[in-house]
Amino acid sequence: MAKRSSLHGLWSSRLAFIFAVSGSAVGLGNIWKFPYVAGANGGGAFVLFYLLCVACVGLPIMISEVLIGRRGRRNPIATMRLVGEEENSHPSWGLVGAMGIVAGFLILSFYSVIAGWSLAYVINSAAGQFAGGAPEKVSSLFASLLGDWQTMALWHTLFMSLTIWVVARGVERGLETAVRFLMPALAILMLVLLAYSIRMGDFGRGIEFLFKADFSALTAEGMLAAMGQAFFTLSVGMGAIMAYGAYLPEGTSITGTSVSVVIADTLVALLAGLVIFPIVFANGLDPAAGPGLIFETLPVAFGQMAGGTFFATLFFLLLTFAAWTSAIGLIEPAVAWSVESHGQSRARSALIIGVVIWLLGFLTIFSFNEMADVKLFGRTVFENLDHLTSNIMLPLGGLLISVFAGWAMCKNSTAEELDVGTSFTYRAWRFLARWVAPVAVLLVFLQATGLLNAAGLL
Ligand code: PFF
């Protein structure tokens with residue numbers, strides 16, 4: 001088959017692609033979300049189920065996204081439609097790409113607000129506000145940020161502006177260099193924090209909480225949250241990785257690259273858990289504290305350690321960078337679509353789409369103050385947005401993507417793209433994509449809606 005070329009240029013090297021995809025994967029999902037969702041769902045069993053989902057569902061879907069993306073070389077909607085047509089399938093596969101674009105919009109609207117908290121913490125840390133690290137003081141500082149919608153709006157606005165700016169400049173000139181240096185720096189800083197947690201935290205209890213699986217503590221809701229977290233943290237199920245795959249040069253190993261990214265992403269999440277829970281237990285804090293967990297625990301550690309002001313400032317700065325490189329992945333599919341389908345310039349597309357997302361972000365801001373009591377299904381607007389995207393849209397998108405790659409695309413096409421012939425790797429991927437990933441997502445959905453119980457199956 002004649003190969004298509006991308007309209008937005010290609011990554012300069014395999015390494016550039018790895019940095020871009022891991023930049024998208026490693027973000028607030030690992031450091032902010034993983035600990036608090038694990039904490040809220042009882043720890044051990046949740047973590048084990050999450051790891052299982054990462055390996056057996058997330059990884060094959062990531063590989064599927066990259067291969068579909070590279071074959072189609074367009075934005076996710078056009079790619080799914082084009083590849084679908086080539087494979088004599090229905091063009092309505094493009095709708096999967098459309099759902100992903102919507103998911104990206106919704107996720108970025110709250111992601112940017114949380115990244116704004118991180119930005120606010122850069123300033124708070126630099127001003128030495130966490131000195132001493134008394135847990136009550138740290139908690140009350142966080143509470144005052146949540147109560148102040150104007151300050152939150154300010155940081156959200158700054159973060160969205162940074163995102164729009166870098167996306168407007170284009171893929172290759174984007175954050176490649178930043179990712180190359182700042183991600184390793186973040187990892188090193190996490191290791192410094194780990195050393196603190198081992199020495200000063202209740203490390204034994206932290207490990208036990210994180211790794212001792214008590215399956216009676218894992219509810220159907222918890223399983224859904226663990227699966228959702230696997231999708232969210234790997235950035236899969238919404239076409240972000242597909243959009244990046246569209247810029248991948250031929251001849252780069254898709255499976256090898258995906259495995260490295262998945263391992264790196266998982267290690268960062270586990271590291272965050274290992275840092276946070278020992279601090280939580282040593283200071284009598286609540287592991288189920290919710291979205292504020294890292295903002296209420298890490299400053300306690302920083303406040304108590306030598307050079308804490310410096311480390312805290314650096315940490316929140318690097319966390320903001322990690323969020324920034326992920327935010328780009330969230331908006332890229334929509335921007336690529338606008339450029340390709342509407343002939344808009346990159347800059348104009350990024351601006352218009354970014355402003356819409358920025359406005360949507362106010363719903364999340366108000367969820368923590370003015371609209372904290374506005375609840376639907378017992379959840380605030382922010383909680384609904386998070387639940388709808390992470391736990392429903394991404395897994396559903398992922399299910400459809402794996403069915404597309406495993407069933408709608410013929411064996412020759414996927415084997416050609418993966419370039420691993422009929423090897424064990426290829427067969428393992430195909431089995432996971434055809435059977436394991438779709439069935440697992442379906443079972444977790446049925447379980448969470450209580451349908452499995454109702455049918456007397458569990
Ligand atoms: N994976 C990112 C994180 O863990 O923070 C979040 C994310 C980025 C999800 C990009 C989806 C996406 F397309």
Side-chain angles (χ1 to χ4, degrees), residues 19-38 50 53-54 58-59 61-62 65-66 69 75-76 96-97 99-118 159 163 166-167 174-175 179 182-183 186-187 190 225-246 258 261-273 291 294 318-337 353 357 385-386 388-398 401:
F19 277 122
V21 177
S22 39
S24 156
V26 176
L28 295 173
N30 308 63
I31 295 170
W32 160 72
K33 197 169 178 203
F34 171 73
Y36 97 74
V37 186
Y50 152 81
C53 289
V54 163
L59 175 62
I61 294 177
M62 179 178 283
E65 280 203 32
V66 184
N75 70 79
V96 179
M99 181 173 76
I101 287 180
V102 175
F105 258 69
L106 299 178
I107 295 177
L108 187 52
S109 78
F110 68 79
Y111 203 84
S112 166
V113 174
I114 314 295
W117 295 355
S118 180
F159 184 81
T163 304
V166 77
V167 173
L175 280 189
V179 176
L182 298 174
M183 302 301 272
L186 181 64
M190 302 274 298
M227 182 176 75
Q229 175 61 18
F231 278 87
F232 186 88
T233 191
L234 297 178
S235 309
V236 295
M238 56 152 282
I241 303 289
M242 202 183 288
Y244 282 3
S258 306
V261 171
V262 167
I263 290 178
D265 186 81
T266 308
L267 287 179
V268 176
L270 292 178
L271 193 56
I294 66 159
L318 292 173
L319 181 61
T320 310
F321 266 110
W324 198 16
T325 53
S326 299
I328 293 162
L330 285 161
I331 201 175
E332 177 63 26
V335 171
W337 168 76
I353 293 167
I357 295 174
L385 280 173
D386 176 33
L388 174 69
T389 51
S390 310
N391 300 355
I392 299 172
M393 293 175 88
L394 297 187
L396 183 61
I401 288 168

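The residues of the chain are indexed from 1 along the displayed sequence. Every number for a ligand or one of its atoms is a count from 1 in the order of the listing. All values below come from the heavy atoms of this structure, side chains included, with hydrogens, waters and symmetry mates left out.
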Task: Test item: Phe19 and Met183 side chains (from C-beta on) under 4.5 Å apart, heavy atoms - done: no
- [ ] With sequence neighbours left out, write down each residue that passes side-chain contact (heavy atoms from CB on, under 4.5 Å) with Ala323, or none if nothing qualifies.
- [x] Leu28, Tyr111, Ala115, Phe159
Per-pair distances, ligand 1 N/O vs protein N/O, less than 3.5 Å:
| residue | atom | partner | partner atom | Å |
| --- | --- | --- | --- | --- |
| ligand 1 | 1 (N) | Ser24 | O | 3.2 |
| ligand 1 | 1 (N) | Ala25 | O | 3.0 |
| ligand 1 | 1 (N) | Phe232 | O | 2.8 |
| ligand 1 | 1 (N) | Thr233 | O | 3.1 |
| ligand 1 | 1 (N) | Ser235 | OG | 2.9 |
| ligand 1 | 4 (O) | Ala25 | O | 2.9 |
| ligand 1 | 4 (O) | Gly29 | N | 3.3 |
| ligand 1 | 4 (O) | Asn30 | OD1 | 3.4 |
| ligand 1 | 5 (O) | Leu28 | N | 3.1 |
| ligand 1 | 5 (O) | Gly29 | N | 2.7 |
| ligand 1 | 5 (O) | Tyr111 | OH | 2.4 |

Open item on the list: Run the side-chain contact (heavy atoms from CB on, under 4.5 Å) test against Ser390 and tell me which residues pass, sequence neighbours left out.
Closed with: Lys33, Phe232, Asp386
- [ ] Please name all residues satisfying side-chain hydrogen bond (donor to acceptor under 3.5 Å, both in side chains) with Ser258, sequence neighbours left out, ordered by chain then number.
- [x] none
Task: Side-chain donor/acceptor of Asn30 to backbone N/O of Thr233, under 3.5 Å - done: no
TODO: Take Val37 and Tyr50 through the test side chain to side chain contact (heavy atoms under 4.5 Å, CB included) and record every step on the way to the result.
DONE: CA-CA 11 Å; Val37 186; Tyr50 152 81; over 6 Å; no
